[in-house]
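Note sheet for the following structure.
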Protein chains: 2
Amino acid sequence: MRKEREIFGKYLSRHNLRDTPQRELILDAFLKREKHFSAEELYDIVKKSDPSIGQATVYRMLKLLAEAGLAREVDFGDGVMRYEHSYNHPHHDHLVCRECGKTVEVMDSVIEELQKRVAESFGFELTDHEMYLYGLCPDCRRKTQK
Amino acid sequence: MRKEREIFGKYLSRHNLRDTPQRELILDAFLKREKHFSAEELYDIVKKSDPSIGQATVYRMLKLLAEAGLAREVDFGDGVMRYEHSYNHPHHDHLVCRECGKTVEVMDSVIEELQKRVAESFGFELTDHEMYLYGLCPDCRRKTQK
DNA sequence: CATTTATTGATAATGATTATCATTACCATC
DNA sequence: GATGGTAATGATAATCATTATCAATAAATG
């Protein structure tokens, strides 16, 4: 968390960007947040501390966090982009419940390796990927059966 | 192709929906199309045969085709939904070039099996998934290196 | 043929995100 | 500490794909 602040500070100065109270506030909220979130959700949070903050500022800050390598975009395909921590949060994929929306981070290195091989078998050089597994979580399975 | 028409006809009558020239026209264009496409692209095609057709009709028809099991939505994450043939076009994932956008359909049954196991290891019942592999296609790799 | 109900096409609405732009704030230099 | 240059902010307009609305039209059925 200290380290993340440091990284962002360096990112700002390296790009001739300024440190502002708004950016500090949004950075704080981001660092406190554990679950992934949308721009609007983060906006609602920071608005409590600074009701005059604009949502454009939140959108802009999220772009910066992503570029600085602290955040990562997550697209669940519902038209709303979410963000999650990227620093010290190694790559993973998502397992999402179709019923209640609960998500679990998953990672399988065998799958990762196979993805690379599949790409290579078509002559592609794999740079990244997206994988979303959809299903029913344990709770919703129980509810559905009864 | 005959079979697909039959399926769609049955879908219409089973749902008390009507067969109209517009639907016929869009169905034709859909059946002729091999590559995936967006609503707008299909609209541009059918407009040549019937300039008075509305794009809302195309959007509506794509929903029907998907519900009838003839089409499948493909979300490349660029904000535009595409469709591809679903009938006699078994499940596959997509390998996409980050540079030129070229796509290849891929399928690896080992990956599919592992996905199921990963989900199960969290108590989830896997219903479906999305996997997009991004990289550089052979052509773009060559261009980038030179 | 008349009635019912689905369909169409034009257009307005939606909703997330981005662009614009006047105003404000930061920061280095004098 | 005033100043000039430039970045940042917040309000708001714009964007863009998609959806909803609705009056007009067209099928199908008795």
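Lettering follows sequence order; numbering is per chain, from 1.
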task: Encode nucleotides 14-26 of chain D as B, S and - characters from 5' to 3', where the letter depends on protein heavy atoms closer than 4.0 Å: B to the base, S only to sugar-phosphate, - to neither.
output: ---SBB-B----B
- request: Report, as yes or no, whether the 6.0 Å neighbourhood of atom CD on B:E41 holds more than 12 heavy atoms from other residues, nucleotides or ligands.
  value: yes
Pairing residues for B:H91 by the ring pair (Phe, Tyr, Trp, His ring centres under 6.0 Å) criterion, not counting sequence neighbours: B:H129
query: Can you tell me how far the CZ atom of B:R60 sits from the CG atom of B:L17, to the nearest 0.5 Å?
result: 12.0 Å
message: Once ring pair (Phe, Tyr, Trp, His ring centres under 6.0 Å) is applied, do any residues pair with B:F122, and if so which ones, sequence neighbours excluded?
response: none
- prompt: Is the shortest heavy-atom distance from the side chain of B:D44 to the side chain of B:F37 under 4.5 Å?
  reply: no
query: In terms of heavy-atom contacts, does CD of B:E34 have more than 12 from other residues, nucleotides or ligands at under 6.0 Å?
result: no
- prompt: Whole-Å distance between C:dT17 C1' and A:L64 CG?
  reply: 15 Å
Separation of atom CG in A:L25 from atom C1' in D:dT9, rounded to whole Å: 13 Å
field: Pairs touching residues 68-87 of chain B that satisfy side chain to side chain donor-acceptor pair (under 3.5 Å), sequence neighbours left out
entry: B:E4-B:H85, B:R72-B:E84, B:E73-B:Y83, B:D78-B:R82, B:E84-B:H92, B:E84-B:H94
query: CG/B:L136 to CZ/A:F124 distance, rounded to the nearest 0.5 angstrom?
result: 8.5 Å
- prompt: Separation of B:D19 atom CG from C:dT8 atom C1', in whole Å?
  reply: 14 Å
message: Test question: given the 4.5 Å side-chain rule for I, L, V, M, F, W and Y, name all other residues clustered with B:Y59, or answer none.
response: none
- line: When rounded to whole Å, the CG to C1' distance for the pair B:L62 and C:dT7 reads 16 Å
message: Expressed as a whole number of angstroms, how long is the span from A:D75:CG to C:dT17:P?
response: 9 Å
task: Can you tell me the distance, in whole Å, between the CG atom of B:L12 and the P atom of D:dA27?
output: 14 Å
- prompt: A:Q22 has an atom CD; how far is it from atom P of D:dA11, in whole Å?
  reply: 11 Å
field: Interface with DNA chain C, restricted to residues 41-52 of chain B and to heavy atoms under 4.0 Å
entry: B:S52
task: Take atom CZ of A:F76 and atom P of C:dA16, then tell me their distance rounded to the nearest Å.
output: 16 Å
